[in-house]
Structure formats: C-alpha cells, structure tokens
There are 2 protein chains.
Amino acid sequence: MPVPSQRYVRNQLLSILGGDDYGAVQAVAESVMLGRRDILIAGNKTITHVYFLEAGIASEIAATPEGRRIEVCITGREGMVGVPLLLDVDRTPHETFVQIEGEALRIDAASFRTLIEERPNLRRTFANYAYVAHLQTAGTALSNGSHTLEERLARWLLMCHDRVDGDEFPVTHEFLSTMLGVRRPGVTTAIHSLEGGGMIKARRSHIQVLDREKLKTAAGDSYGVPEIEYGRLIRTGR
Amino acid sequence: MPVPSQRYVRNQLLSILGGDDYGAVQAVAESVMLGRRDILIAGNKTITHVYFLEAGIASEIAATPEGRRIEVCITGREGMVGVPLLLDVDRTPHETFVQIEGEALRIDAASFRTLIEERPNLRRTFANYAYVAHLQTAGTALSNGSHTLEERLARWLLMCHDRVDGDEFPVTHEFLSTMLGVRRPGVTTAIHSLEGGGMIKARRSHIQVLDREKLKTAAGDSYGVPEIEYGRLIRTGR
DNA sequence: CAGAGATTGTACGACATAGTACAGACCCCG
DNA sequence: CGGGGTCTGTACTATGTCGTACAATCTCTG
C-alpha cells in the first residue's frame, strides 16, 4: 500500500506539516494495517517504529510487576504512537496495542531519529502532541481518583467517539473493565445506566453513541481539558 | 545568590551535563529561593521560567473547570519544572507550586528556548526526564484507579522521602487529602495504620519515615516503575 | 442445528471511602 | 497566659465498588 500524498493523509499531525517536511516523512514511511490486539510497542523491548494512525485506536497501558494493568492514554489519528522515541528514550515499561483496528503510516526508529534531528519543525509539532498526551494521562489520573465509574465510562466513550468514523465501535464489557481498572459487572451496570439515559445503545460487543451532548453531561468535568489544548496547540484547519 | 559551579550543583539533571553545556546553563540561570506554596507555573498563564530544583519539592496539579484538583506529578532535585517549554508549549492548564520549600536555579523562557535549540545534548537529557515524568503521571493514574488509600499514601510518602534530605518533612493531613484526592479523615486513618506498622511517625504537621523498607511493602506495586526508569535513563553517578 | 465458547445480566455480602459533624489537641500571637 | 485558629481524632450513616458466583444469551463453528 502506498504512502498517500499529504492531501489525502488522514493523520492530523502529518496533515499540518509543511509540504517539504511531509515529503521527508513520506520518503521513509510505510503504510501498514493494524489488526485488533496488535502490539505496536511491547513493554521493556526496544521500540522499533513510530506510528501515525490513519484509522483505528491504540491504547497505552501502564502495568506493574504484579500484573495490574490500566489504560493511561489513547491515540487515534489525532496523534502518534512512539512518543518515547521523540524524547530520546529507546524503550518503555508500558505496552501500546491496537484497540480498534485500522491503518497507520509508520517510520522505523532510526529514520525517525534522523528526521526529527534534521527538521526542527517536525520535532516541535510532535512535541506539542506529546504534551497533549501528558495532559490526557494526567486527566486519567484525575478521573481515576475522583470520578465515579459512570463518569469515567462516559469520558472513555467520548474519547473513543472522537477517534472513530461513525457513532459505533466494537468493545466488550470485559475489555472496558480492564481499560478502566474496574470490575466487569460494574461496567455492565454503568452501561445500562447510560443506556437508560438514552445516551448510548449497547449491543453485544458493540456500543453506539446516540446522544453525544448528554454523554458529555454524564461525563461531568472529566472530559475536555486535553481536547481543548489539542485544539489550541495543533491547528488542523480541517 | 550565585549560581554554583557544576561541582556543587545539587540538581541531578544539571549535574550530569557536559561541562560546556553546564557552562551555558550557568550563564543564563539565576538562583532563587522557593517558599511554601509559591506558584512556579500558574494555570493557563504564559510560563515564565524553567526551574531546576536544588532542594525542596514541587507538585503539578491537574484541575477541572469545576474545581477538582489532584496531584499528578512531583518533582524534586532529580528533575525540572517547566516541561511544557521543552515541548514548545507556552502555557498549560496545570498549576505547579512549591510543596516543600527549597531552592532552585531558574532560566527564563526565552533563554531556555535558545539553550535547547543550540544544544541538542541538553535537550535530550531534559527530554529523558520529561519521559520519566510521564511515567510517574501514568503511575499516578494506575494507582488512583487500582490501589487502596493506604497503598497510595505509602507511595506518596516514598516519593517525597526520595526527594528530601533526612527522613522528616512537613505535611498536613488536609494537604495530603488534596494531593491524593480523598477525604481528610481517610488520610488520618491511613496514617495511623502506617504508624501502627512502625513505618512512620506522625507529629502535628510533620511525618517522619522510620522504616523505608516496610513502607515499600505497604505501597505494594504502586511504587517503583518510574524510579527504575529514571535510574536507567539518567545516570547520575553520584 | 447442536454444542462450545464468548459475552452479558444479575445477585449478594463485604469492604473502602464519601460526606458530615464535632470535640480535643496543639500552637502561635497578642 | 489566654484566646483564636489550625490541625488531628473519632463517630455515624450512606454509597460506590469489590469479589465472586452463576445463569442467560448470543454467535460462531463443525
């Protein structure tokens, strides 16, 4: 599959680059399909590629030696996977995997290092994204510490909705319980509650967003801070 | 107060710089005292300085429009305050303030930008720290989501202990409750529990660490991941 | 189209923490 | 040295979530 011209690239970070910067990316990038559960960055292994998602969603998972796992950041076509490489870090204890299948442009680690070394504007755009990702992770910390399960679920669904085409995406209660770090039956109950409010429609292995505004209300103040900063720092014009 | 020579600098990031890089820092840095509750970075205002702590502790607080506040990252002399500037971001919704008074070398925003533009090694060292800070924030997210108050308190005390001289530091239950995002009486109870285990000694407005190893046990797997990565990425040799 | 596996629904007691209230202890300042 | 403010201890009910178990439902495959 060929790497698209900038005009047709769907990744928002790449779409706002200067034309020659994009050309440099295009020269070293390759297009790949992302299958569900593919591991993009394995924990404590050398990072091989940076991914710019064109479609689909990736999740970054923090884990402990004892095996606790919880999602700390999600990325879609608004961002990139592989921030550690940008920060001159070769591997990370966190794992990043494909949560919703899609497609990405990827660049191998060595080429990426050269690229950002030679093109400061590129580095700056990516650095801005890295900061938004930090805000999102901080938002997750805040939310995990002080919002109810229902609010956190609403936040999660909104963030997912922001990153997919259409209003529906595949996700199981079990999966959500891992992402949110809670009990599976708790997720079931929370979903029923949101469904009762007419915000979503749940089907086996799928959730459809019906009323985004109501969902925002249900999320309370857990949703929005990183999203606003993204809009301020990374102006896509699309 | 003069900026110390590298030999006497206490900030660990600065202490490992190449000699000429440190010289460049020294040329634009100024030494300042940090009083309790001083705001180093105000929320949604232009960031004026980067701070390299020589003593004391700073806390980064995530806040929502509705006024929820919770600590997402703490910094002592192992790091720097002002990561957004490193990532070419001029302001942030988060606030960073002085939790334990101390001292810092600071550099104004413009000089800092020039510095990291001209000295890639400097930028890389600071970027590595930025990544460790991300890991710490992710650890906070994990901890807030899946550890008990007592474990989280133990983690917090350990992180504080890592960053002060001696085994005692000033902190009130009320303050801890804000940092951890929990009820104040809950902190009181948790402190009693740790105290009962002989790990700490609590006095009015002060906590003393008596048995660090036991405290680590009490923290379970909530403590340690970012600390290990810091050691791997930033080798201080001191 | 039957059976196996995956997913979802529901129940129940246990527990952690919230919210709130108030009293006691400590400490500094006048 | 007395009084006001800050800090800590404790109590009570309410609520959210846990841990666990098991049944019901859906879906895919053979």
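For the numbers below, each heavy atom of this structure counts, side chains included, while hydrogens, waters and symmetry mates do not. Within every chain, numbering begins at 1; the chains are lettered A, B, ... in the order of the sequence lines, protein sequences first and strands thereafter.
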Q: Mind checking the OG1-CE spacing from A:Thr75 to A:Met159? Nearest 0.5 Å is all I need.
A: 9.5 Å
Q.
I want to confirm an ordering. Mapping A:Thr188 and A:Gly145 to their closest nucleotides on DNA chain C, which one lands closer to the 5' end?
A. A:Thr188
Q: For A:Pro185 and for B:Arg204, find the nucleotide of DNA chain C with the closest heavy atom, then tell me which residue's nucleotide is more 5'.
A: A:Pro185
Measure [atom1]/[X] against [atom2]/[N] and give the value in whole Å, please.
X	N	atom1	atom2	value
B:His192	C:dT17	NE2	C1'	17 Å
B:Arg183	D:dA14	CZ	P	15 Å
B:Arg184	C:dG24	CZ	C1'	12 Å
A:Glu174	C:dA6	CD	P	11 Å
A:His206	D:dC26	NE2	P	15 Å
A:Ile191	C:dG9	CD1	P	8 Å
B:Leu153	C:dA16	CG	P	15 Å
B:Glu195	D:dT8	CD	P	11 Å

**Q.** A:Glu150 side chain near A:Leu194 side chain, heavy-atom distance below 4.5 Å
**A.** yes
Q: Kindly indicate, with the supporting measurements, whether the criterion side chain to side chain donor-acceptor pair (under 3.5 Å) is fulfilled by A:Ser59 and A:Gln99.
A: CA-CA 6 Å; A:Ser59 289; A:Gln99 178 206 311; 2.8 Å; yes
Q. Checking all strands, does A:Leu149 fall into the base, sugar-phosphate, or nothing category for heavy-atom contacts under 4.0 angstrom?
A. sugar-phosphate
Q) Under 3.5 Å, side chain of B:Asp167 to main-chain N/O of B:His161, donor-acceptor pair present? A) no
